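Notes follow the structure.
All of these numbers come straight from a predicted model, not from anything done at the bench.
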There are 2 protein chains.
Amino acid sequence: MKNSDKFISGLVKNFKDKGFRLTAPRKAILDLLVNTNEHPSVEEICFDVHKSYPSIGITTVYRTLDLLVSWGLVHKFDFGEGKARYELIEHPKGIGHHHHLICTSCKKIINYTDFIDKEFNYIPKVETRLSKKYNFKIQNHLIEFYGVCDNCM
Amino acid sequence: MKNSDKFISGLVKNFKDKGFRLTAPRKAILDLLVNTNEHPSVEEICFDVHKSYPSIGITTVYRTLDLLVSWGLVHKFDFGEGKARYELIEHPKGIGHHHHLICTSCKKIINYTDFIDKEFNYIPKVETRLSKKYNFKIQNHLIEFYGVCDNCM
DNA sequence: ATTGTTAATGATAATCATTATCATTAAGGT
DNA sequence: ACCTTAATGATAATGATTATCATTAACAAT
């Protein structure tokens, strides 16, 4: 069994366990999310899914993503483009968890994944503390640094 | 001289130094930003500024905020409401720098400001490292934890 | 396997934040 | 006081997201 199939099974299970129906458009959307390394927008997801499931409607893409986001399985990004971008939080073969440097001038986004040890230790400790204090089940985090890039200085 | 006046002077200087004109609507918007503890939306800013400067147009609010964001003086937040919210990055009397816990189910936002020592040490170290590595001048950061709150569990 | 219930879909229209346009106004140097 | 030109604000245009609703199809019960 491919690694990505395992992921899809897990996602599918989520739908069933929560009493939602497992439909063809939902499967097609999940399949796309598992097989991309990007942060696709709704429009891009719709365009791509259209290849395997031509009758896909954009409304369904919005609705399916909303579900996945509310279950903490997908993260919804806003990079200031006026539209959202989406990414599976646990990704079978993606670029993996990453943080961003965002240039406030030209909007360029730099992904970085080369965390130092300090960074690995920091997050779990803070998460444990906050979870307890606020009785909040943390599923994901977003760390972004804003500033001025090379070209814009 | 009031603390908030000092801040406004600094902001004003920014406009002059960069060759932008210091106009009444811009002054009114700065004044509002300095005197709020909220994360106001464009609509809210427009409404409030209208009291002191009734002819304010919403376009000017957008334009002024864009300038301040591009200079790294104001942070533009997206809390998933379909509209942006804004806050002065260095605030004379605000709630101060804070991070967020965001419930992906009901969208509730919890601010927390009680950082532990580890958290104080972590950020500057990472910023120094990233600044050097990517030749990027960091002005601000955003740390958000996503999950499920008390009520939604 | 067939049926019945009802959630899910997708075309379309509606909404709403943001951006573009452009004639008019006013900042700030001369 | 005048001039140049950036800034303004009313309005229209755009574009992402959401609401509506008749139709379709999942899947539990038979």
DNA chain D nearest-nucleotide lookup for A/Pro25 and A/Glu43: closer to the 5′ end is A/Glu43
### Message
So A/Ile58 and A/Val42, do their side chains get closer than 4.5 Å, heavy atoms only?
### Response
yes
Taken to the nearest whole Å, CD/A/Glu44 to P/D/dG15 is 15 Å
message: Whether A/Arg21 contacts D/dA25 is assessed here as follows: a side-chain N or O lying under 4.0 Å from the phosphate OP1 or OP2. Is that the case?
response: no
Q. Would you say B/Lys18 has more than 12 foreign heavy atoms packed within less than 6.0 Å of its NZ?
A. yes
**Prompt:** If only side-chain N and O atoms of A/Thr59 are considered, is one of them under 4.0 Å from the OP1 or OP2 phosphate oxygen of C/dG10?
**Reply:** no
note: A/Ile56, atom CD1; D/dT24, atom C1'; distance rounded to Å ~ 14 Å
Whole-Å distance, B/Lys76 NZ to C/dT18 P, equals 7 Å
Note to self: Counting the benzene-type ring for Trp, do A/His141 and A/His75 have ring centres under 6.0 Å apart?
What the structure shows: no
B/Ser41 near the nucleic acid: base, sugar-phosphate alone, or nothing, with a heavy-atom cut-off under 4.0 Å? nothing
(message) Let's test your reading of the model: under 3.5 Å, does the base of C/dG10 pair with the side chain of A/Arg63 as donor and acceptor?
(response) yes
Atom CZ of B/Phe15 and atom C1' of D/dT8 are separated, to the nearest Å, by 14 Å
To the nearest angstrom, the CG-P distance between A/Asp78 and D/dT17 comes to 9 Å
From NZ of B/Lys27 across to C1' of C/dA26 the rounded distance in Å is 12 Å
Would you classify A/Ile58 as touching base, sugar-phosphate or nothing, given that sugar-phosphate means primed atoms plus P, OP1 and OP2, and contacts are heavy atoms under 4.0 Å?
-> nothing
Whole-Å distance, A/Phe20 CZ to C/dT9 C1', equals 15 Å
note: A/Leu65, atom CG; C/dT9, atom C1'; distance rounded to Å ~ 15 Å
With heavy atoms under 4.0 Å as the rule, sort A/Tyr53 into base, sugar-phosphate or nothing.
sugar-phosphate
request  = Establish, with yes or no, whether the OP1 or OP2 oxygen of C/dT9 is under 4.0 angstrom from a side-chain nitrogen or oxygen of A/Tyr62.
outcome  = no
Exercise for review: Assess the pair A/Tyr112 and A/His100: is the distance between their ring centroids shorter than 6.0 Å?
Suggested key: no
Side-chain contact check for A/Arg26: nearest option of C/dT18, C/dT9, D/dG9 is C/dT9
Residue pair B/Ala24/B/Gly80 against DNA chain D: nearer the 5' end by closest nucleotide is B/Ala24
Open item on the list: Between A/Arg85 and A/Glu38, does any side-chain N to carboxylate O distance fall below 4.0 Å?
Closed with: no
Regarding the side chain of B/Thr23, the nearest nucleotide among D/dG9, D/dT17, C/dA27 is C/dA27
